[in-house]
Amino acid sequence: MIVVSNRLPVTVSVKDGEVVVKESVGGLATAMKTFLAATDGGKALGFDEVVWVGWSGLADEPPEVAERLRGQGLEPVPLTKKDVELYYEGFSNSTLWPLFHGFTTYTVYRDEFWDAYVSVNKKFAEAVASRAGPEDYIWVHDYHLMLLPLFLRGAVPDAGIGFFLHIPFPPPEILQLLPTSWRNEILDALLASDLVGFHTSDYMSNFIRSAVKFVGASAEIDVLKSRHGYAKVGVFPIGIDFDRFYNSSLDPEVAKEMEEVRRLLRGLKIVFSIDRLDYTKGVINRVYAWERFLKSHPEWRRKTSFVLVVVPSRTGVQQYDAMKRQIDMEVGRINGELGELDWVPIIYLYRFLPTPTLLAMYNVADVALITPLKDGMNLVSKEYVASRRDCRGVLILSETAGAAKELTEAIIVNPNDIDGVAKALEKALAMSEEEQCRRLQEMQRKLRSQDVVKWGLDFVQSLISARMERADREAKLSIVTPLEGPALEQMAAAFKAAKSRALFLDYDGTLMPLYPYAYQAVPDDELLRLLEALAKAPGVHVAIVTGRPRDFLETWLRDLPVYVVAEHGLWIRRPDGSWTAAITVDSSWKPKVRKIMEEFVERVKGSYIEEKEASIAWHYRNVDPNVGEAAAAELTDSLTALLTGSGLTILRGKKVVEVKPAGVNKGAAVSRLVEEIKPDFVLAAGDDETDETMFAVLPADAYTIKVGKGKSLAKYYLPNYRAVREVLRRLLAA
Ligand code: GDG
């Protein structure tokens, strides 16, 4: 397995010509190290070796650094000063970081940034490729490397490629601000992965909506189909090393620190927060909320202090320096205004805390005030909760942190609601010990079971199965052979030899040409005579398997003794003319969907709605293709937002977007008929996506035929409906 992240999990320095390598602390490095240690360096998962590829942190590093790192399972990607400036500080931290966190006005768009991002992602791909083979798994981390899956797919096409995003994925309306080609290249590159993972389902659905809207991917629950094939998407909320924090107070060094902190703070109630200096963290909002609290609750003055730790980060970047000055100024003002000779309202530290001190603070703080404006996950909140073996302490957490989805027993606040945060502070400081413990226990239960090892295992196991599914699909997709010559003769012979034969035939595009309007595709005499002759032949069962509504089929096929599967498997008609429904039909959702589709009919000239008993379809066959595809993507997007969790699915067929109940498809209906008819010869033919569900469920010896161009699960290929009719005539002759 190859792990790739912008930074290697070490801090490297060169002192007096000697290379010094230290382990680094912080989110990703610690998380992966814990995961790897728990899996015996990946061996428990079947990996012989784990190599980590990334930047050492030194620009223009001397060659001895690489040598030294390689000896430790690390593969450095050397970056120049210019790379660091344009790719790291530039595109990663001045474009993607603000935009993905929703800080659109801080986002800088510069061509040199983008160019460097592309070229550094290529450098990473080369470094990975130098170590990777076709059997390997590559796990790429975070927003610095979003183009990497595409470059890797080119360099090591058969490797398993997984990508995990540690920060939020923004909604399409925000992503849209990125210049079109950058935005689309990023989405397209991510889709070259086998698996793309996010912290929350919101981020995942933002990604799905963007991929559908901007690069025309089609979504099937947790799979996105694009020009690269299939990419799985999933939610993997990162956890922490629970036991390490839960046991921290037992560590003598931490215990000593705890005592020291308690002694220095003399019985004051402590409200604690620690953050990297970053505008996403909303530090100033906390300061204002604290001021509001102290002003509206003077009785708490001298009884409590706010320990505000801000860790230096990205110094030298303009926005960060301005923010630092504002914090310095406001903290000074409040301390000056409200402080006393023997009491400081805000104890402000601008530095990195040694780990034992941080753990001591987690263990003694009465309240943790963690109110970022936007945060992918936020590990500090989890670490605080896990540390409280004594079952004391209250967490105040922003609803805009990914962690709020799991830590629902925290006091959840809106970080911009200064009054709300001030009230939460009062509630937290007054909370009974029983309630503190009840809330903590519930959160600890979740953190214990969803720890960082579980996160890693879930991701890697999903990656392994996603890759297997892809290999499986590609193997099947690649063997479509023309149905002619000996292949056709062999099939005709099998048809003749069989006792019971089932023919599952799609209608539009398979037996008939595609017409601009659905109502125009009225069966011609030649087709009707052919179907009738087949259906009346002994031991032959003909089924027309289509997305069309019952009434159309009743009108035109009524007199034929054939099976009919209508509306993609919702209705089945037996040759005796009786109809049965596959599920009970609830149509209460239809008006809402119709209303949205009507807007599109209004806007997109030439498009129209076809309403069926259990589904509604929007057709755009006779619309300018560019306009039609863009509108279809937009419609799918609006419908996805409306229908998530509704038990309905959105189907994108050829020039049609259709909404219908989930679990109903041609494949399910055809399986039913196979059980009923028990044929010893099965043929299925179809031309679009919806027919793939038939090919997927039929027995291995079935003759499955893809009509027209494109990849398919079918075994054989025929160019058009005329060829299909020709083959049917050949069978009839047999
Ligand atoms: C990304 C996402 C997501 C911090 N200050 C000190 C210190 N730390 C440690 C904490 C914690 C980590 O650093 C920071 O955790 P974050 O959750 O903020 O993670 P990041 O790595 O900044 O960022 C974030 C995360 O990835 C994981 O996916 O949660 O949303 O932005 O572990 O304890 N440690 C010590 N002294 C400090 O002063 N010793």
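In each ligand, atom 1 is the first atom listed, and ligand 1 is the first ligand listed.
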Lys/Arg cation over aromatic Y137: R467, 6.0 Å, 45° cone = yes
Indicate, as side chain, backbone, both or neither, the part of I274 found under 4.0 angstrom from ligand 1 when only non-hydrogen atoms are considered.
-> side chain
Test applied, side chain to side chain contact (heavy atoms under 4.5 Å, CB included); reference residue, V380; option that passes from L358, D275, I274 = I274
Determine, for R263 against E260, whether the closest basic-nitrogen to carboxylate-oxygen distance falls under 4.0 angstrom.
-> yes
Considering only NZ, NE, NH1 and NH2 on the basic side and carboxylate oxygens on the acidic side, decide whether E399 and K405 come within less than 4.0 Å.
-> no
For L379, counting its heavy atoms only, list the atoms of ligand 1 lying under 4.0 Å from any of them.
-> 15 (O), 16 (P), 17 (O), 27 (C), 29 (O)
Distance-only N or O hit between ligand 1 and G376, under 3.5 Å | yes
Could you check atom 29 (O) of ligand 1 against the protein and tell me its nearest heavy-atom contact, residue, atom and distance included?
-> N378 N, 2.9 Å
the protein heavy atom lying closest to atom 2 (C) of ligand 1 turns out to be H166 O, 3.5 Å
dist D194:CG -> K232:NZ (nearest 0.5 Å) comes out at 10.5 Å
Atom 30 (O) of ligand 1: which protein heavy atom is closest, and how many Å away?
-> D375 OD1, 2.5 Å
N/O separation below 3.5 Å, W97 to ligand 1 = no
Mark whether atom 32 (O) of ligand 1 lies under 4.0 angstrom from at least one protein heavy atom.
-> yes
Compute the minimum heavy-atom distance from L358 to ligand 1 and say whether it is under 4.0 Å.
-> yes
Give me the one residue out of Y203, F100, F207, F163 that meets ring-ring contact (aromatic ring centres under 6.0 Å, His included) with F198.
-> F207
Give the intermediate values and the outcome of side-chain contact (heavy atoms from CB on, under 4.5 Å) for residues L447 and V385.
-> CA-CA 9 Å; L447 293 178; V385 167; 3.7 Å; yes
Nearest neighbour of atom 18 (O) of ligand 1 from the list H199, K281, R276, M377, on a heavy-atom basis | K281
Are E49 and K43 close enough for a salt bridge, meaning some N to O gap below 4.0 Å?
-> no
Are K382 and ligand 1 in contact, using a heavy-atom cut-off of under 4.0 Å?
-> no
E291 bridged to R333 by N-O distance under 4.0 Å = yes
Just heavy atoms, cut-off under 4.0 Å: does Y362 contact ligand 1 by side chain, backbone, both, or neither?
-> side chain
Separation between CG (L440) and SG (C391), nearest 0.5 Å, reads 5.5 Å
Look only at interatomic distance and state if E383 has a nitrogen or oxygen under 3.5 Å from any nitrogen or oxygen of ligand 1.
-> yes
Could you find the nearest protein heavy atom to atom 14 (C) of ligand 1 and give me its residue, atom name and distance?
-> G27 N, 4.3 Å
for atom 9 (C) of ligand 1, nearest protein heavy atom and its distance come out as G26 CA, 4.4 Å
Please test R389 against S249 for side-chain hydrogen bond (donor to acceptor under 3.5 Å, both in side chains), starting from the C-alpha separation and ending with a verdict.
-> CA-CA 8 Å; R389 204 187 174 90; S249 59; 5.2 Å; no
ring-ring contact (aromatic ring centres under 6.0 Å, His included) partner of F91, chosen from W97, W182, F113, Y143 = W182
Could you tell me whether some N/O pair between L353 and ligand 1 is separated by less than 3.5 angstrom?
-> yes
Please check if a non-hydrogen protein atom sits closer than 4.0 Å to atom 21 (O) of ligand 1.
-> yes
Selection from D275, I370, T355, V380 by shortest heavy-atom distance to atom 39 (N) of ligand 1 | T355
Atom 5 (N) of ligand 1: which of V311, L349, D241 has the nearest heavy atom?
-> V311
